[in-house]
Student: 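This structure is in structure tokens; I'll ask about it shortly.
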Amino acid sequence: MSIFKKEFFERSTLKVAKDLLGKFLVVQHPTLDKKAYMITEVEAYDGPHDKASHAHRGKTARNEPMFGEAGVWYVYLVYGMHNMLNIVTGDDGYPAAVLIRGVQPLSNQVAKLTKLDGPAKITKFLKIDRKFNNKPATLKTGLWIEDLGVKIKKSQIKSSPRIGVNYAGEWKDKKFRFFLKSNVR
DNA sequence: GGAGTGATGACA
DNA sequence: GTCATCACTCCA
């Protein structure tokens, strides 16, 4: 059981995205027990040139966390009702983040807890909202990432174009989405 | 296929 | 100040 440090997130966004698969999102609510969810699907948003990234149009009040230090949560609202959970990667000043799209509860937890297979379902279910925005994921703030020793083989990782970014021109076809083979939907 | 929902960014 | 857009989900 080891919490991830900043150095993990300071590497290339694509590497971080792939390495996050099979790691665990740990949630600690004030009133509930600690729970861990395995990350099964992520997307990378890398750099100022990525048209699908919020950072593409430059630094704004909303995407400011993406430009900041690695290992910080970037949580924002889309479509008026959906919170999106991202973790900032890359060096300070380089806008990049990994969107967490899918997680799966540990098998010994509530069985009927359905697989959380959409980015907004995760945040809704785990009660993640913008109060986590700009908070470090490298401290036990209530939401962080741990390695619980699950080994992921390279052959289990699949990639595809990202979802919901069809406006992004040539960037929409980049295979920046990574997911575990057993969790294809 | 289409509605819902509201923060955000662009423009004036 | 207004207006269009949006890294989505749900119901049909």
Side-chain angles (χ1 to χ4, degrees), chain A residues 9 11-21 23 25 27 37-91 93-105 110 112-137 143-145 157-180 183-185:
Chain A
F9 302 104
R11 301 171 304 139
S12 121
T13 309
L14 294 180
K15 281 200 179 113
V16 174
K18 275 187 261 194
D19 283 353
L20 281 174
L21 293 172
K23 301 305 185 294
L25 182 67
V27 187
Y37 300 84
M38 189 172 78
I39 298 170
T40 56
E41 184 179 347
V42 296
E43 280 180 17
Y45 288 85
D46 189 27
H49 308 299
D50 184 352
K51 280 191 189 153
S53 169
H54 288 163
H56 173 239
R57 279 182 250 265
K59 190 170 171 176
T60 66
R62 176 172 63 163
N63 65 28
E64 181 269 330
M66 288 185 80
F67 287 80
E69 285 188 298
V72 170
W73 295 116
Y74 171 41
V75 184
Y76 70 94
L77 195 66
V78 274
Y79 300 111
M81 52 184 100
H82 300 304
N83 287 299
M84 297 276 133
L85 177 64
N86 303 248
I87 180 111
V88 176
T89 62
D91 291 329
Y94 182 78
V98 174
L99 168 66
I100 297 178
R101 293 188 60 89
V103 301
Q104 180 176 281
V110 193
K112 67 160 71 159
L113 204 61
T114 46
K115 187 165 70 177
L116 301 172
D117 57 356
K121 286 186 195 166
I122 299 172
T123 54
K124 185 182 172 194
F125 200 91
L126 303 182
K127 297 188 169 46
I128 293 165
D129 60 27
R130 283 179 296 158
K131 68 174 176 285
F132 285 107
N133 192 36
N134 224 356
K135 287 215 175 181
L143 186 66
W144 65 91
I145 291 174
I157 298 177
K158 304 216 29 154
S159 64
S160 80
R162 289 173 292 188
I163 308 290
V165 293
N166 289 336
Y167 58 86
E170 69 268 29
W171 288 86
K172 78 176 194 298
D173 295 324
K174 299 271 182 200
K175 301 210 168 174
F176 280 9
R177 173 176 174 244
F178 304 98
F179 52 95
L180 295 178
N183 286 278
V184 182
R185 41 167 184 151

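In the text below, chain A, chain B and the rest are named by the order of the sequence lines, each starting its count at 1. Below, each value reflects all heavy atoms present in this structure, side chains not excepted, and no hydrogens, waters or symmetry copies.
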Student: Looking only at side-chain atoms of A/Leu77, point me to the closest of B/dG4, B/dA7, C/dC8.
Tutor: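 It is B/dA7.
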Student: For A/Ile39 versus A/Leu20, what's the shortest heavy-atom pair and its separation?
Tutor: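 Answer, listing the atom of A/Ile39 first, then A/Leu20: CB-O, 3.5 Å.
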Student: State which of B/dT5, C/dC8, C/dA7 makes the closest approach to the side chain of A/Ile163.
Tutor: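 Of the options given, the side chain of A/Ile163 lies nearest C/dC8.
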Student: Of the options C/dA7, B/dT8, C/dC6, whose atoms approach the side-chain atoms of A/Tyr74 most closely?
Tutor: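 Of the candidates, C/dA7 comes closest.
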Student: Please report, rounded to the nearest Å, how far the P atom of C/dA7 is from the CZ atom of A/Arg101.
Tutor: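 Rounded to the whole Å, the gap is 11 Å.
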Student: With salt bridge (Lys or Arg N to Asp or Glu O under 4.0 Å) as the test, would you mind laying out the steps for A/Lys23 and A/Asp19 before giving the verdict?
Tutor: CA-CA 8 Å; A/Lys23 301 305 185 294; A/Asp19 283 353; 5.7 Å; no
Student: Determine the minimum heavy-atom distance between A/Ala17 and A/Phe178, stating which atoms define it.
Tutor: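 Taking every non-hydrogen atom into account, CB-CD1, 3.9 Å.
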Student: Output the rounded distance in Å from CG (A/Leu99) to C1' (C/dC6).
Tutor: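 Interatomic distance, CG of A/Leu99 to C1' of C/dC6: 14 Å.
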Student: Contact class for A/Ala52 vs. all strands (heavy atom < 4.0 Å): base, sugar-phosphate, or nothing?
Tutor: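 The residue A/Ala52 makes base contact.
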Student: Could you tell me how far apart A/Asn83 (CG) and B/dT5 (P) are, to the nearest whole angstrom?
Tutor: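 Distance check: A/Asn83 CG to B/dT5 P gives 16 Å.
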Student: Quick check: closest heavy atoms across A/Thr13 and A/Tyr45, and the distance to 0.1 Å?
Tutor: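 Looking at all heavy atoms of both residues, the shortest contact is CG2-O, 4.1 Å.
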Student: Heavy atoms only, 4.0 Å cut-off, all strands: where does A/Met84 land among base, sugar-phosphate and nothing?
Tutor: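 Since only primed, P, OP1 and OP2 atoms lie under 4.0 Å of A/Met84, the category is sugar-phosphate.
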Student: What nucleotide among B/dA7, B/dG9, C/dC10 has an atom nearest to a side-chain atom of A/Thr60?
Tutor: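 Comparing B/dA7, B/dG9, C/dC10 against the side chain of A/Thr60, the answer is B/dG9.
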Student: Short question: side chain of A/Thr40, backbone of A/Gln104 - any donor-acceptor pair under 3.5 Å?
Tutor: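 Not a single qualifying donor-acceptor pair exists.
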Student: Output the rounded distance in Å from CZ (A/Phe179) to P (C/dA7).
Tutor: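 So the CZ-P distance, A/Phe179 to C/dA7, works out to 20 Å.
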Student: Consider the side chain of A/Ala120, meaning its heavy atoms from C-beta on, and name the nucleotide among B/dA7, B/dG9, C/dT9 that approaches it most closely.
Tutor: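 Closest nucleotide to the A/Ala120 side chain: C/dT9.
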Student: Under 3.5 Å, side chain of A/Asp173 to main-chain N/O of A/Pro161, donor-acceptor pair present?
Tutor: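 Not at all, since once roles are kept as given, no pair shorter than 3.5 Å links the two residues.
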Student: With the side chain of A/Arg57 defined as its heavy atoms from C-beta on, choose the nearest nucleotide among B/dG9, C/dA7, C/dT9.
Tutor: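 Taking heavy atoms from C-beta onward, the closest nucleotide is B/dG9.
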Student: Is there a donor-acceptor contact under 3.5 Å from the side chain of A/Arg101 to the main chain of A/Phe179?
Tutor: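 Side chain of A/Arg101 to backbone of A/Phe179: no pair is present.
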Student: Without decimals, in angstroms, what is the distance between A/Asp117 CG and C/dC10 C1'?
Tutor: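 Interatomic distance, CG of A/Asp117 to C1' of C/dC10: 13 Å.
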Student: Just the rounded figure in Å: distance from P of B/dT8 to OH of A/Tyr167.
Tutor: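 Between P of B/dT8 and OH of A/Tyr167: 16 Å.
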Student: Which nucleotide, C/dA7, B/dG9, C/dT9, lies nearest any side-chain atom of A/Arg62?
Tutor: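 Of C/dA7, B/dG9, C/dT9, B/dG9 is nearest to the side chain of A/Arg62.
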Student: Among the nucleotides C/dC6, C/dT9, B/dA7, which one has an atom lying closest to any side-chain atom of A/Tyr79?
Tutor: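 Among the listed nucleotides, the one closest to the side chain of A/Tyr79 is C/dC6.
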Student: Please check this pair: side chain of A/Arg162 against backbone of A/Lys174, looking for a donor-acceptor N/O pair closer than 3.5 Å.
Tutor: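 No, because the side chain of A/Arg162 does not come within donor-acceptor range (under 3.5 Å) of the backbone of A/Lys174.
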Student: Of all the base pairs, Watson-Crick or G-U under 3.5 Å, which form stems of three or more consecutive pairs involving DNA chain B?
Tutor: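 Stem list for DNA chain B: B:1-4 with C:8-11, B:6-11 with C:1-6.
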Student: Tell me the interatomic distance from A/His82, atom NE2, to C/dC10, atom P, rounded to whole angstroms.
Tutor: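 One finds 7 Å between P of C/dC10 and NE2 of A/His82, rounded.
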Student: Starting from P on C/dA7, measure out to NZ on A/Lys174 and report it in whole angstrom.
Tutor: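 Rounding to the nearest Å, NZ of A/Lys174 and P of C/dA7 are 18 Å apart.
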